[in-house]
There are 2 protein chains.
Amino acid sequence: MPISSLADHIERYIKALLDQSEQPSLEIRRVELAKLFECVPSQINYVLKTRFNSQRGYIVESRRGGGGYIRIFRLEPGHRQDLYAWIYETVGERLELEEAEALLVRLVDQDYLGRDEAMLVWALLRQEAQKIDKAYIERAVAVLLRSMLLLLLHGD
Amino acid sequence: MPISSLADHIERYIKALLDQSEQPSLEIRRVELAKLFECVPSQINYVLKTRFNSQRGYIVESRRGGGGYIRIFRLEPGHRQDLYAWIYETVGERLELEEAEALLVRLVDQDYLGRDEAMLVWALLRQEAQKIDKAYIERAVAVLLRSMLLLLLHGD
DNA sequence: GACTTCTTGGTCAGGGAAGGTCAAAACAGC
DNA sequence: GCTGTTTTGACCTTCCCTGACCAAGAAGTC
């Protein structure tokens, strides 16, 4: 691997912008960034996909058409990126309710989550799971728990 | 500094007028607005159709001919006590992504939700929805949005 | 009252301006 | 050479904006 590929440069540039920004999110225009680094626009997508995915603690949202943009959220400013990777790994694509409960307990034990927050997540999870077709419960639990955790952990 | 199209500017202008106004409604003349923003009159219709539809909590009424006008009603937010019931009702069992976005915009407009929070929920929603089997997207969106909203609004 | 004209607003299709996807080529490190 | 990563380009989707044409109400004319 080269010390610094073009993708690495773009990654550093975006992270610097995020550092400067007061807000938790940043808006860029794909064409402009591409022009700045003298590359094709789709290179930006590659960087976003490999460096700014949710496993690494980022969420990317975009809009096409005139006035389009790409918005990047940094879930946790600074450190502890591994927490997000861990959540993605642990939750996975399917999760039983019992596993979800165990996971919540663990997060509370390790002080990533308050007890009240965990209870609320648990209550919501159970309530929604009740209404879901058996065949999809495990998938739904995974998606639900992951989203709620990302939402909660981001404020700390 | 959000990236803004002309439609976004017109939207903000109209909303500012509504905010200033004592009444929940506002009367405009299509030509005048168009002149103000140096665009074609039909651009105003585009803004009304995409930003001030009933999904987003607005009702538009108009009249042609001499002395014609366009009147925009902003539906007042329900009482805070009703918020949960309202969310359950509005989200329902299935929800299209488009409807979810409209609901989020509305909650921000009516100050139930911060702009940053709403953008994050939206980003998470889109991201998770992408990975879900088409046949279940609308059910999943409903469940996800409801959970995230209840999680965020809890405590207000 | 019927006709005409003027004054508004409405609709819709098409071009343009973003961003997305995917597969193949190029490249770097063993 | 083999493998995994990067880079590119062709093609696609979504959203914005305009202009030509349509519809309706008001006011004047006979």
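Note on naming: letters A, B, ... go to the chains in the order of the sequence lines (proteins, then strands), and numbering restarts at 1 for each one. Keep in mind the model is a prediction, meaning the values are calculated, not measured.
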Practice prompt. For Ser42(B), report the nucleic acid contact type (base, sugar-phosphate, nothing); a contact means any heavy atom under 4.0 Å.
Written response: base

Worksheet item: Does Glu128(A) pair with Lys131(A) as a salt bridge, N-O distance under 4.0 Å?
Response: yes

Worksheet item: Cationic tip of Lys15(A) within the cone over Phe52(A)'s six-membered ring, i.e. under 6.0 Å and within 45° of the normal?
Response: yes

Discussion item. Rounding to an integer number of Å, can you tell me how far Tyr46(A) OH sits from dG9(D) P?
Written reply: 17 Å

Worksheet, complete the sentence: From CD of Glu32(A) across to P of dA18(C) the rounded distance in Å is 9 Å

Item to complete: Whole angstrom is fine here: how far is it from CG in Leu97(B) over to C1' in dT13(D)?
Response: 15 Å

Practice prompt. Tell me which nucleotide among dG19(C), dT18(D), dT6(D) gets nearest to the side chain of Arg29(A).
Written response: dG19(C)

Worksheet item: With sugar-phosphate meaning primed atoms plus P, OP1 and OP2, does Arg71(A) contact a base, only sugar-phosphate, or nothing at under 4.0 Å between heavy atoms?
Response: nothing

Worksheet item: With the threshold set at 4.0 Å, does a side-chain nitrogen-carboxylate oxygen contact exist between Asp8(A) and Arg51(A)?
Response: yes

Response to the item:
Which of dG9(D), dT6(D), dG10(C) is nearest the side chain of Ile70(B)? It is dG10(C)

Discussion item. Any base atoms under 4.0 Å from Ile44(A), or only sugar-phosphate, or nothing? Heavy atoms, all strands.
Written reply: nothing

Discussion item. In whole Å, I'd like the distance from the CZ atom of Arg30(A) to the C1' atom of dT21(C).
Written reply: 10 Å

Discussion item. Regarding Arg126(B), tell me which of base, sugar-phosphate or nothing describes its non-hydrogen contacts under 4.0 Å with the strands shown.
Written reply: nothing

Discussion item. Return whichever of Gly67(B) or Lys49(A) has its heavy-atom-nearest nucleotide of DNA chain C closer to the 5' end.
Written reply: Gly67(B)

Practice prompt. For dT21(C), take OP1 and OP2 only and decide whether either is under 4.0 Å from a side-chain N or O of Arg64(A).
Written response: no

Worksheet, complete the sentence: When rounded to whole Å, the CD to P distance for the pair Glu11(B) and dC17(D) reads 12 Å

Worksheet item: Over how many whole Å does the gap from Gln43(B) atom CD to dC15(D) atom P extend?
Response: 15 Å

Worksheet item: Can you tell which of dT8(D), dC17(D), dT11(C) lies closest to the side chain of Ala7(B)?
Response: dC17(D)

Discussion item. On the nucleotide dT7(C), are OP1 or OP2 found under 4.0 Å from the side-chain N or O atoms that Arg63(B) carries?
Written reply: no

Discussion item. For Glu27(A), is there an ion pair with Arg63(A) - N to carboxylate O distance below 4.0 angstrom?
Written reply: no

Fill in: Phosphate OP1/OP2 of dT8(C) contacted by Ser62(B) side-chain N/O (<4.0 Å)
no

Practice prompt. Please work out if Glu61(A) contacts a base, only the sugar-phosphate, or nothing of the nucleic acid, heavy-atom cut-off 4.0 Å.
Written response: nothing

Item to complete: Please report, rounded to the nearest Å, how far the C1' atom of dA18(C) is from the CD1 atom of Ile28(A).
Response: 13 Å

Item to complete: Please answer whether the main-chain N or O of Leu75(B) pairs with a side-chain N or O of Gln110(B) as donor and acceptor at a distance below 3.5 Å.
Response: yes

Worksheet item: Whole Å only: how far is the NZ atom of Lys35(B) from the P atom of dT18(D)?
Response: 16 Å

